[in-house]
Amino acid sequence: MSEFYEQRRTSIKDGVALVAFMLGWFAAGPFAWPYITEAFDSGDPAKGVLRFLLVVFAGGVVFGLLGLGIGSGAGLAWEQYHRRRRSPASLIDRDFPEGDAPIAKPRAPREPLPELRYAIVDADASPELAIEYIALLQKAGLPTQDRVRTAIALLESITIGAWHESRLVGVARVLTDSAVTATLADLAVDPAYQRRGLGRILLGRAYDATPRGELSIIAPRGTGPFFEQLGSERALASFVLRHPVPGVSHTDWKLNSSTSP
């Protein structure tokens with residue numbers, strides 16, 4: 001089970017259990033109230049209040065345990081419903097009354113990929129690669145950097161390219177320390193070659209570049225279903241820091257890779 005579903009199932013289970021506990025607490029109140037009235041009448045109010053609290057707490061615990069069971073079942077039902085809803089075949093597998101089934105738009109058959117050449121890019125030997133790379137990202141609708149930054153990025157990462165004759169039609173760029181971590185920074189396919197399996201091929205070759213068989217993915221918004229379809233699991237949300245860390249001086253020193261600590 002992926003972390004995405006595990007977190008949501010746990011939230012549903014805990015939420016239902018909390019609500020059930022509160023309902024049990026209040027439901028047990030009328031049954032426990034006589035302990036207080038009798039205790040005041042007998043002159044021992046502390047004992048009556050203690051009994052009252054024990055009874056309502058016990059009622060809350062019993063209802064809470066029932067809520068855990070109900071919440072677990074509800075979480076599982078939600079997961080199954082969500083998986084069916086997001087599945088491309090859900091409209092086919094679902095039973096509809098006659099005449100109510102939605103009409104799926106027919107998809108044109110995939111045109112097979114032409115013979116492509118795949119290789120790890122040698123940025124030093126390809127001075128014009130940064131221009132081609134930027135042009136491809138722009139065609140694919142992905143954010144770009146200027147030529148200088150792009151050239152540095154290509155030098156400092158593993159970039160797998162796909163060429164149709166002399167035309168760059170797909171890229172996958174991996175950031176890795178070659179020992180522990182690897183992150184997919186870019187995955188771009190020329191729109192004329194999309195929906196033909198090229199993205200899958202490039203992702204597979206990017207995975208082969210990972211040092212431990214685990215590839216983190218920086219997925220642009222809207223591309224999650226593509227990666228999930230290929231077996232990727234949703235992980236915890238990442239963070240982006242866009243300003244200096246409060247309370248830390250950034251004027252006294254500069255990071256210099258040529259200076260030893």
Side-chain angles (χ1 to χ4, degrees), residues 86 88 105-178 181-211 214-244 255 257:
R86 76 172 190 174
K105 294 181 179 179
R107 286 186 178 180
R110 283 188 177 184
E111 182 181 350
L113 284 171
E115 185 175 350
L116 302 178
R117 176 174 60 89
Y118 301 93
I120 295 179
V121 171
D122 185 353
D124 285 322
S126 306
E128 299 302 320
L129 177 65
I131 298 176
E132 295 181 74
Y133 193 90
I134 293 172
L136 178 59
L137 293 184
Q138 289 174 340
K139 286 181 182 179
L142 298 176
T144 60
Q145 300 292 335
D146 58 62
R147 179 179 176 181
V148 174
R149 289 179 181 272
T150 301
I152 295 174
L154 294 175
L155 284 170
E156 299 297 332
S157 54
I158 298 175
T159 304
I160 302 157
W163 285 265
H164 183 200
E165 298 175 350
S166 61
R167 177 182 175 185
L168 182 66
V169 297
V171 290
R173 186 167 67 89
V174 178
L175 304 175
T176 179
D177 55 18
S178 300
T181 62
T183 300
L184 181 70
D186 290 324
L187 179 65
V189 175
D190 188 307
Y193 296 79
Q194 291 179 2
R195 302 194 62 80
R196 297 163 72 178
L198 181 53
R200 176 190 294 264
I201 295 172
L202 289 170
L203 183 62
R205 291 176 177 259
Y207 178 81
D208 291 339
T210 62
E214 184 173 309
L215 179 64
S216 300
I217 297 173
I218 301 175
R221 181 171 298 178
T223 62
F226 166 77
F227 293 106
E228 286 185 320
Q229 183 182 10
L230 298 181
S232 303
E233 296 183 358
R234 289 183 180 266
L236 296 177
S238 60
F239 297 88
V240 178
L241 185 64
R242 302 187 187 278
H243 56 76
L255 185 62
S257 59

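Because only heavy atoms are used, hydrogens play no part in the values below, and waters and symmetry mates are left out as well, while side chains stay in.
Of all the heavy atoms in Ile158 and Ala209, the pair that sits closest is CD1-CB, 4.4 Å. When every heavy atom of Ser157 is checked against every heavy atom of Val174, the shortest pair comes out as CB-O, 3.3 Å. Here the closest non-hydrogen pair linking Ala182 and Pro211 is CB-CD, 3.7 Å. Taking both residues in full, the closest heavy atoms of Lys139 and Arg167 are given as NZ-NH2, 3.8 Å, listed atom of the first, atom of the second, then distance. The shortest non-hydrogen separation linking Tyr207 to Glu214 is CE1-N, 4.2 Å.
With Thr176 contributing its side chain and Ser178 its backbone, the two residues share a donor-acceptor pair below 3.5 Å. In this structure a side-chain-to-backbone donor-acceptor pair under 3.5 Å is present from Gln194 to Val189.
Interatomic distance, CD1 of Ile134 versus CG of Leu142, reported as 13.0 Å (0.5 Å rounding). Summarising the geometry, atom OG1 belonging to Thr210 is positioned 11.0 Å from atom CG belonging to Leu184; distances are rounded to the nearest 0.5 Å. Interatomic distance, Thr150 OG1 to Arg173 CZ, rounded to the nearest 0.5 Å: 8.0 Å. Distance check, rounded to the nearest 0.5 Å: CG of Leu168 to CD1 of Ile131 gives 12.5 Å. A distance of 9.5 Å separates CG in Asp190 from CZ in Arg196, rounded to the nearest 0.5 Å. For the atom pair CZ of Arg149 and OG1 of Thr144, the computed distance is 12.0 Å after rounding to the nearest 0.5 Å.
Atom CD1 of Ile120 is surrounded by 12 or fewer heavy atoms from other residues, nucleotides or ligands within 6.0 Å.
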(message) side chain to side chain contact (heavy atoms under 4.5 Å, CB included) for Leu154 and Val121? Distances and angles first, verdict last.
(response) CA-CA 8 Å; Leu154 294 175; Val121 171; 5.7 Å; no
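In this structure, the side chains of Phe226 and Ser232 stay at 4.5 Å or more apart for every pair of heavy atoms. Put simply, the side chain of Ser216 does not reach to within 4.5 Å of the side chain of Thr181, judged on heavy atoms. Between Thr159 and Tyr133, some side-chain heavy-atom pair lies under the 4.5 Å cut-off. Contact check for Val169 versus Leu198: side-chain heavy atoms found under the 4.5 Å cut-off. Contact annotation: the side chain of Leu202 approaches that of Leu187 to within less than 4.5 Å [non-hydrogen atoms, C-beta and beyond]. The shortest distance between side-chain heavy atoms of Leu203 and Leu215 falls below 4.5 Å. With a 4.5 Å cut-off on side-chain heavy atoms, Leu116 and Ile201 do not count as touching. By the 4.5 Å heavy-atom criterion applied to side chains, Arg147 and Glu128 are counted as neighbours.
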